[in-house]
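Take a look at the structure set out below.
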Amino acid sequence: MIGLFAVTAAGRRAAAELAGRLGPEALVADGPIGPAVRRLWDHLDAAVFFLASGATIRLVAPLLQDKHTDPGIVSVDEAQRFAIALTGGHGGGANALAEQVADIFGCTPVITTATDSTGTTALDELVEQLDATVDGDLPSCGVAILDGEPVQLVNPHGFPLPALPPNVGADVANPRWTVVIDDRRPTEDEERTLRLVPRTLVVGVGSARGVSRTAVAETIARLDSEHGLDPRAIRAFASVDLKADEAGILDAVQDLGFWHSKDGGDELSLLTYPAEVLAGVEVPNPSEVVRSEVGTPSVAEASALHAADELAYGAPVELVADKIKGDNVTVAAARISPRGRLAIVGIGPGAPDLRTPRADAELRRASVVVGLDQYLDQVRHLLRPGTEERATGLGAEEARAAEAVELAKQGRAVALIGSGDAGVYAMASPALEKADVDIEVVGVPGVTAALSASALLGAPLGHDHALISLSDLHTPWEMIERRVRAAAEGDLVVCFYNPRSVQRHWQLGRALEILAEHRPATTPVGAVRQASRADQKVWCASIDEFDPADVDMFTTVVVGSSQSTVVGRRMVTPRGYRWMAGDVR
């Protein structure tokens, strides 16, 4: 919930406008502002005050408790010239919210968080991305990075990281600080070292019936003392399903801060599997004694490996601690290793406020961005300093996709960008044809050309519709024409992508002829060129009067169904078909 608070008439109008733009998550508070803030405080994720920053501070100061849980606070002045992030810049999302509010009102965002104002990746943001526990003085290390002091980065498992400033790296000379990303304990005390401990380990546990919690806890502790594995890196525990109610195991797991619930409660940290499933897992230390008792030659090693493989979603898994024997208990540990990361990002039709916040976040998370040069121009201001750019001109989509996948396979954090939604006639398909489970893939949806054009035209996609590309560079025209004819016979609204170019000048006219055979001459055809950009053009004509010569590759064309009409100069397709026999519902 984003609370919106105002005291003046202008502030209330601005709050109402912002609520309309932010959607249902925004709530305009009513009544006196002080009681309203106190009443809603515990329910807020963020808040925008249309109030002087000093007054805002006085209102919220008594309520602030912890920067990790407090809502992000943004103050907007009476003239709506500035959106100021006051508290909760990172954890509370105030910095991002201030930028979003500034985009909506056309004002200036004021960000004073040092890493955000300089564009540098913040350490607490890195902690969040890695889902890591922090060991060391994070604020002091962050100051050293901002001051340009040499900081050594130790990342032995190769976690894909965002762009970092040039004073942070594996080979810096005479480091003043060291940042270590590892699931293992240090072998000796280290001064001026910040350790980030990601949750990479899955611990398998087998036991005799009635095992004590002490025996289980002591054996688990040997993962640390004998193998150097940091217990804070444990992500989950696993066992055979016969041990799902073993009190000694459950109590020891709970003592370590992991909660178990048979009904899928807060965190299901003891994962259990049938013996026949574990019997199919290859392990280094099988036991026929164990097989005769529980039906699988391994519990600890097999459950650790199997659970890790389930949680890894294709990431590499290895056994890093073979079976340890305790008092009627065995323990083993498997590691989920990191993979390179490929984010396939749709950046929308062009207007900044039609680009999603998630797209912005993924662009900031990348260490290398691959895309068409004109698309990179649109998002370059969002990239962290030091982000590598791989820009190419028109065409070469297959090569761009292959390059992005290869970079991810090298362990990089990669963003592959495309306009609109990257999954619609864009870069996602050629990239995913080349990507396998050896890389992590994240899809970020964007506002498509069909959606942005439809919104400008009215509501032409109000009923069933089809998207068809008229480009025959990759699809034979015979197949395209067959699809157009099928859409015509099915009376679907049709949105044409890639409708016309200098070389492909006749296809749109032919497609309109086919559609005209199956719908009235008055059927509206809408077109939008450069949607949401400075030279945007929107027009509409009946199918018998629409001129394909007005269309180019920057245009999206929407042809109505037999039920589509124009109301108040807006193209509308009814949500249901109305037949002469009456409404069909």
Side-chain angles (χ1 to χ4, degrees), residues 349-350 372 374 394-395 397 418-421 424-426 447-567 569-573:
L372 189 65
Q374 57 185 284
L394 286 170
E397 288 86 357
S419 66
D421 184 290
V424 180
Y425 299 117
V447 178
T448 67
L451 296 179
S452 56
S454 176
L456 290 166
L457 290 166
L461 305 183
H463 204 280
D464 296 343
H465 53 272
L467 308 182
I468 299 178
S469 171
L470 294 183
S471 173
D472 55 4
L473 295 177
H474 300 288
T475 305
W477 174 253
E478 293 75 14
M479 181 175 291
I480 296 173
E481 184 167 323
R482 189 162 71 243
R483 292 171 176 173
V484 173
R485 194 171 297 280
E489 293 173 354
D491 199 23
L492 299 174
V493 175
V494 182
C495 178
F496 287 124
Y497 279 64
N498 306 311
R500 191 171 183 271
S501 68
V502 175
Q503 290 78 26
R504 297 182 298 98
H505 51 80
W506 58 268
Q507 286 90 339
L508 177 59
R510 175 58 185 148
L512 293 175
E513 289 175 2
I514 295 170
L515 292 172
E517 295 171 4
H518 296 269
R519 54 200 68 183
T522 56
T523 298
V525 179
V528 178
R529 186 180 189 277
Q530 295 282 40
S532 82
R533 302 184 186 184
D535 51 353
Q536 170 184 295
K537 180 182 177 183
V538 182
W539 71 99
C540 187
S542 61
I543 195 168
D544 62 341
E545 295 180 351
F546 187 87
D547 187 355
D550 295 333
V551 171
D552 61 12
M553 279 292 289
F554 299 102
T555 308
T556 303
V557 177
V558 183
V559 183
S561 71
S562 64
Q563 300 295 300
S564 300
T565 186
V566 174
V567 180
R569 296 186 179 181
R570 286 180 287 272
M571 189 174 173
V572 181
T573 302

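Excluded from the calculations below are hydrogen atoms, water molecules and symmetry mates; all remaining heavy atoms, backbone and side chain alike, are included. Bear in mind the structure is a predicted one, so any value in this text is a computation, not a measurement.
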Is there a donor-acceptor contact under 3.5 Å from the side chain of [X] to the main chain of [Y]?
X	Y	result
T523	R519	no
Y425	Y497	no
R483	S469	no

[atom1]/[X] to [atom2]/[Y] distance, rounded to the nearest 0.5 angstrom?
X	Y	atom1	atom2	answer
H463	S564	NE2	OG	10.0 Å
E513	L508	CD	CG	10.0 Å
H474	N498	NE2	CG	9.5 Å
W477	L470	CH2	CG	5.5 Å

In terms of side-chain geometry, is the basic nitrogen of E481 or R485 positioned less than 4.0 Å from the acidic oxygen of its partner?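 Counted as a salt bridge, because a side-chain N and a carboxylate O are separated by less than 4.0 Å.
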
Quick one: do R529 and D535 make a salt bridge, cutoff under 4.0 Å?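 Looking at D535 together with R529, the answer is yes, because their closest N to O distance falls below 4.0 Å.
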
Beyond-backbone contact of [X] with [Y], side-chain heavy atoms, under 4.5 angstrom:
X	Y	result
R504	Q507	yes
V566	C540	yes
V551	F546	yes
T555	W539	yes
P548	L512	yes
S562	P520	yes
V447	D421	no
T573	L461	no

More than 12 non-hydrogen atoms from neighbouring residues, nucleotides or ligands closer than 6.0 Å to CZ on R570, yes or no?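 It does not: R570 CZ has 12 such atoms or fewer within range.
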
Testing V494, D544, V559 for side-chain contact (heavy atoms from CB on, under 4.5 Å) with V525, which one passes?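 Single pass found, and it is V559.
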
So, T475 versus D472: side-chain donor-acceptor pair below 3.5 Å or not?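 The criterion, which ignores hydrogens and geometry beyond distance, is not satisfied for D472 and T475.
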
